[in-house]
Amino acid sequence: MTALSPVLKQATPVTVDHGAGCYLYATDGRRYLDFTAGIGVTSTGHCHPKVVEAAQRQVGTLIHGQYTTVMHQPMLRLTERLGDVLPAGLDSVFYANSGSEAVEAALRLVRQATGRPNVVVFHGGFHGRTVAAATMTTSGTRFSAGFSPLMAGVHVAPFPTAFRYGWSEEEATDFALRELDYLLTTLSAPAETAAFIVEPVLGEGGYIPGNTRFFQGLRERADRHGILLVFDEIQTGFGRTGKFFGHQHFDVRPDVITIAKGLASGFPLSGIAASSELMAKAWPGSQGGTYGGNAVACAAALATIDVIESEGLVDNAAERGRQLLAGARSRATKAVGDVRGLGLLVGTEFTTPTGEPDTATASTAQRLAHEKGLLLLTCGAYSNVVRMIPPLIVTAEQVDEALDIWSAVLDEL
Ligand SMILES: Cc1ncc(COP(=O)(O)O)c(C=O)c1O
């Protein structure tokens, strides 16, 4: 008998039969309020009728039009449509399948465009599981241990993780920028540094938003040294944070963004966007792949963008995000060290009475929530942060429903 490899670590024992909106229905008949959204993917909810219809129509028309062999209409239409939502100036896109591939595509682009070997990433960042992306991932050794050697040319600078340092946001930002300057003086000369690659909100690293002064500090240094600024928007893009892209909270211009997850409501589709001037510096033929820009995924992405716009999901993420964050804060008990977030990315960090990361309590909270019908995930280096990432269609009543369950969980801990 064949079995699934134990290399997969399951967060819950649930086997899903079907999903609809913000709910998942298990094979045993139980209904779960899904505040994981497939790790921030099903932003339009499970099986949104418009996404289903677009995908079904495309399946009967063309499933796979391999994009280095032929062009197909869903990809061309999506490319044009993305022009309505991408940040100004990022008018050229390349498609792949997963977030990790998009990160690798960005890495290839910045190295080819600058002719420089190194990139700087920020401590606590998560960029994926392929070897290059895992090298750039510093949110936990579990993502890179056991298959070294990793890729050369990656340097790590601090992110302003104020709560972890026990500092104010200002102090943490001063420290992070000072250390970045020190890194550029001692480890990676600017002339050898292709890019800074950073998440607007650390995702896997513990749901920690960056801040305006930090990101503008990166931009200023990037401009001074001819370094490119890449925002990894794989988790924060497509409305998740209450703006279309996460970096837009911080009044900062990216050179490249990576996109995936919420882009196609669950179909595997990712990409990078940059200016056509920058993209023209990539070596032709150096990027591609069998499945990139799949026709069904592109059709689903077109429908997804329509739904995000027609249902006002970016504004809903902002409003429901405020409700969720305030609700999670007001319910925090002594076991909770910090509650933070941006839009519909809300994390509750569990700490011991002496302020140490409390992995066991976070794990128990996540299990109790699942037992009470609310699906949640953990994150953070110590897996001591419980994160809430509902679909962007979530209603005020569903946020209250989740918060009621969450209260009961915290009471029971
Ligand atoms: C910010 C960020 N970058 C990259 C990735 C990797 O994406 P994938 O798992 O699709 O390879 C993720 C996935 O969680 C992510 O959140």
Looking only at atom types and distance, does a side-chain atom of [X] sit under 3.5 Å from a main-chain N or O of [Y], one as donor and one as acceptor?
| X | Y | value |
| --- | --- | --- |
| R81 | L302 | no |
| Q366 | V386 | no |
| N384 | A362 | no |
| D34 | L375 | no |
| S139 | A381 | no |
| E101 | S270 | no |
| T137 | G128 | yes |
| N294 | L269 | no |
| D255 | L229 | yes |
| R340 | Y207 | yes |

Please round to the nearest 0.5 Å and tell me the distance separating atom [atom1] of [X] and atom [atom2] of [Y].
| X | Y | atom1 | atom2 | value |
| --- | --- | --- | --- | --- |
| R329 | R331 | CZ | CZ | 13.5 Å |
| L76 | M71 | CG | CE | 6.0 Å |
| L82 | L90 | CG | CG | 11.0 Å |
| N118 | H155 | CG | NE2 | 4.0 Å |
| S188 | H225 | OG | NE2 | 10.5 Å |
| Q287 | E104 | CD | CD | 9.5 Å |

Heavy-atom check, side chain of [X] versus side chain of [Y], under 4.5 Å:
| X | Y | value |
| --- | --- | --- |
| S43 | L313 | no |
| W406 | T348 | yes |
| T138 | V154 | no |
| L278 | V256 | yes |
| F196 | L180 | yes |
| F35 | L374 | yes |
| I305 | L78 | yes |
| H249 | P209 | no |

Quiz prompt | Full working for salt bridge (Lys or Arg N to Asp or Glu O under 4.0 Å) between R164 and E349 | solution = CA-CA 10 Å; R164 193 174 77 77; E349 175 153 0; over 6 Å; no
If you measure from the Lys or Arg side-chain nitrogens to the Asp or Glu carboxylate oxygens, is any gap between [X] and [Y] under 4.0 Å?
| X | Y | answer |
| --- | --- | --- |
| E401 | R31 | yes |
| E169 | R213 | no |
| D251 | R253 | no |

Measure up the [X] and [Y] rings against each other and bin them: parallel (under 30°), tilted (30 to 60°), perpendicular (over 60°).
| X | Y | result |
| --- | --- | --- |
| F214 | F122 | perpendicular |
| Y165 | W167 | parallel |
| F231 | F215 | perpendicular |

Would the number of heavy atoms belonging to other residues, nucleotides or ligands and lying under 6.0 Å from [atom1] of [X] be above 12?
| X | atom1 | answer |
| --- | --- | --- |
| E371 | CD | yes |
| F143 | CZ | yes |
| K50 | NZ | no |
| D28 | CG | yes |
| R77 | CZ | yes |
| E171 | CD | yes |
| Y23 | OH | yes |

Practice problem: Would you please indicate yes or no on a ring centroid separation below 6.0 angstrom for Y25 and Y32? | Solution: no
Self-check item: Aromatic centroids of H72 and Y67 separated by under 6.0 Å
Solution: no
Nearest atoms (heavy-atom pairs only) where [X] meets [Y]:
| X | Y | answer |
| --- | --- | --- |
| P357 | Y382 | CG-CD1, 3.5 Å |
| R129 | A134 | O-CB, 4.0 Å |
| G239 | A317 | O-CB, 3.2 Å |
| F238 | L263 | CZ-CD1, 3.6 Å |
| L403 | Q323 | CD1-O, 4.1 Å |
| T290 | Q66 | O-CG, 3.3 Å |

Would you kindly say whether [X] and [Y] are connected by a side-chain donor-acceptor distance under 3.5 Å?
| X | Y | result |
| --- | --- | --- |
| T44 | S265 | yes |
| T236 | T241 | no |
| T352 | T354 | yes |
| Q216 | R219 | no |
| H48 | E311 | yes |

Self-check item: CA sep, side-chain torsions, deciding dist, call: M388, L376, side-chain contact (heavy atoms from CB on, under 4.5 Å)
Solution: CA-CA 6 Å; M388 297 183 172; L376 300 173; 3.7 Å; yes
Self-check item: Verdict with reasoning, L86 to V93, per side-chain contact (heavy atoms from CB on, under 4.5 Å)
Solution: CA-CA 10 Å; L86 284 171; V93 291; 3.7 Å; yes
Quiz item: Can you list the steps and then say if V103 with F126 is a side-chain contact (heavy atoms from CB on, under 4.5 Å)?
Solution: CA-CA 10 Å; V103 165; F126 181 85; over 6 Å; no
Self-check item: Single hit among T114, L183, V120 for side chain to side chain contact (heavy atoms under 4.5 Å, CB included) with T193
Solution: V120
Quiz item: Are V339 and L325 close enough, and set up right, to give a side-chain contact (heavy atoms from CB on, under 4.5 Å), and what steps lead you there?
Solution: CA-CA 7 Å; V339 182; L325 183 61; 4.0 Å; yes
Quiz item: Given E204 and R387, is the salt bridge (Lys or Arg N to Asp or Glu O under 4.0 Å) satisfied, shown in steps?
Solution: CA-CA 9 Å; E204 181 62 40; R387 53 172 148 171; 2.9 Å; yes
